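Only heavy atoms go into these numbers, but all of them, side chains included; no hydrogens, no water, no symmetry mates. For reference, positions follow the sequence shown, starting with 1. In this text, all values refer to a predicted model and were calculated from it rather than measured experimentally.
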Amino acid sequence: MAETVSIPSHPVTPSSILAAELAELAELVDAAPELDPGLKERLRRARDLARGLDPYLQECSTPESPALAALAARTRAEPWGDRSLVSGSGPLEQEMLSGHVEGQTLKFLVHMTRARRVLDIGMFTGYSALAMAEALPDDGEVVACEVDPYVADVARQCFAESPAGGRIRVEVGPALNTVLRLDGPFDLVFIDADKTGYLDYFHYLIGSDLLAPRGVIAVDNTLLQGEPYAFNGARSTNGQAIADFNRVVAKDARVEQVLLPLRDGLTLIRRTGVDGS
């Protein structure tokens, strides 16, 4: 049976924003009879290239597990707009979910790094945590940090219904406070929390024993709707924080990194000079 491709309620990534812009432009151009038909066709092709990319990535990636699909459905059904904000958390919305393709990427990272302990900084409803837990060995562990108790309870309910949920330990509270009291090492760290805290997480992980010597850090939202590289006027607070984070990491001689244009941007970071590499 073909997998159902979920479409976000509004565009939140560079590719989906671009697709929406091109779709609106194509409608305007189609309604202008004086314009060259060849120009209209070129714009339609550009529109189709943009809006077809994300669905095609999902179609060509290994389907998510039933447990992940159920967690995603539960997240979409929650009335996030009615929730009161918890200190340290921004507005909640279903688009905060890592989602199918990024979840599959994180599972690959767990397999490739042979991780046994994973730290998830910024869990939301737990899609990333559960995806990584599914790739861990039976004695592996994901420690997942979430500041909002209600969101953490939603995640726990979903984990309880999953075969891999027992590998996840949820820590509720400000993520940096949790990180500072944890014992390492962690083989893989996924950061998807408060954007203004990204540099604090990065500097602590790189400068401490919490990250295993050959550990990998994966950082979400490092393209942040295109704000770090394409913006008019002033960036948002989060957009500026991500731009600053990307600049600092790019200049840090202690690490090497690659920014992947996956969803809203995913940066992979590792220390240099480990075992002669």
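Between Tyr198 and Asn238 there is no side-chain heavy-atom pair separated by less than 4.5 Å. With contacts defined as side-chain heavy-atom distances shorter than 4.5 Å, the pair Ile206/Ile217 qualifies. The shortest distance between side-chain heavy atoms of Thr13 and Leu223 does not fall below 4.5 Å. In this structure, the side chains of Arg271 and Arg254 stay at 4.5 Å or more apart for every pair of heavy atoms. Between Leu109 and Phe190 the shortest side-chain heavy-atom distance does not fall below 4.5 Å. Looking only at side-chain heavy atoms (C-beta outward), Tyr204 and Val179 come within less than 4.5 Å of each other. Taking the side chain as every heavy atom from C-beta outward, Glu134 and Leu68 approach each other to under 4.5 Å. Residues Val248 and His203 meet the side-chain proximity criterion, which asks for heavy atoms closer than 4.5 Å.
The stretch residues 234-248 participates, sequence neighbours left out, in these salt bridge (Lys or Arg N to Asp or Glu O under 4.0 Å) pairs: Asp244-Arg247.
With hydrogens and angles ignored, the 3.5 Å screen pairs no side-chain donor or acceptor of Thr113 with any backbone N or O of Gly215.
In the hydrophobic clustering of this structure, Val142 groups with Leu130; members are Ile, Leu, Val, Met, Phe, Trp, Tyr whose side-chain heavy atoms approach within less than 4.5 Å, directly or through other members. At a threshold of 4.5 Å between side-chain heavy atoms, the hydrophobic network of Ile, Leu, Val, Met, Phe, Trp and Tyr places Val219 and Leu211 in one connected group. No single ILVMFWY cluster, assembled from side-chain heavy atoms under 4.5 Å apart, contains both Phe124 and Ile121. Both Leu57 and Leu266 sit in one connected hydrophobic cluster of ILVMFWY residues. Membership requires side-chain heavy atoms under 4.5 Å apart, directly or through other members. The hydrophobic clustering, which links ILVMFWY residues whose side-chain heavy atoms are closer than 4.5 Å, places Val258 and Leu262 together.
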Would you mind writing out the side-chain donor-acceptor pairs for residues 17-29 within the sub-3.5 Å range, not counting sequence neighbours?
none

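Atom CD1 of Ile242 and atom CG of Leu199 lie 8.5 Å apart (nearest 0.5 Å). In this structure, CD1 in Ile191 is found 10.0 Å from OG1 in Thr267, a value given to the nearest 0.5 Å. Rounding to the nearest 0.5 angstrom, the gap separating the CD atom in Glu141 from the CG atom in Leu136 is 9.0 Å. Annotation: the span from Glu146 atom CD to Asp153 atom CG amounts to 10.5 Å, rounded to 0.5 Å. Rounding to the nearest 0.5 Å gives a distance of 8.5 Å between CE of Met96 and CG of Asn221. Between the CG atom in Leu182 and the CG atom in Leu210 there is a gap of 6.0 Å [rounded to 0.5 Å].
For the residue pair Asp194 / Tyr201, a side-chain donor-acceptor distance below 3.5 Å is found, with atom types taken as modelled. No hydrogens or angles considered: nothing links the side chains of Thr222 and Asn246 as a donor-acceptor pair under 3.5 Å.
Ala218 and Leu268 get closest at one heavy-atom pair: CB-CD2, 3.8 Å. Taking both residues in full, the closest heavy atoms of Gly239 and Pro228 are given as O-CG, 4.5 Å, listed atom of the first, atom of the second, then distance. Contact between Lys107 and Met132 at its shortest, heavy atoms only, is CG-N, 4.5 Å. Counting all heavy atoms, side chain and backbone alike, Gly99 lies closest to Tyr127 at O-CE2, 3.0 Å.
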Any chance you could lay out the side-chain contact (heavy atoms from CB on, under 4.5 Å) test for Arg270 and Glu256, step after step, and finish with the verdict? CA-CA 6 Å; Arg270 76 175 189 95; Glu256 67 176 19; 2.8 Å; yes

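Partners of Asp209 by salt bridge (charged side-chain N to carboxylate O under 4.0 Å, His left out), not counting sequence neighbours: none found. Shown here are the salt bridge (charged side-chain N to carboxylate O under 4.0 Å, His left out) partners of Asp192, two or more places apart in sequence or in another chain: Lys195. Not counting sequence neighbours, the partners of Asp138 by the salt bridge (charged side-chain N to carboxylate O under 4.0 Å, His left out) test are Arg167. When the salt bridge (charged side-chain N to carboxylate O under 4.0 Å, His left out) test is applied to Arg116, the partners found at least two apart in sequence or on another chain are Asp139.
Salt-bridge formation is not detected for the pair Arg74/Glu161: no Lys NZ or Arg NE/NH1/NH2 atom is positioned less than 4.0 Å from an Asp or Glu carboxylate oxygen. We find that Arg45 and Asp48 are not joined by a salt bridge, their nearest charged nitrogen and carboxylate oxygen being 4.0 Å or further apart.
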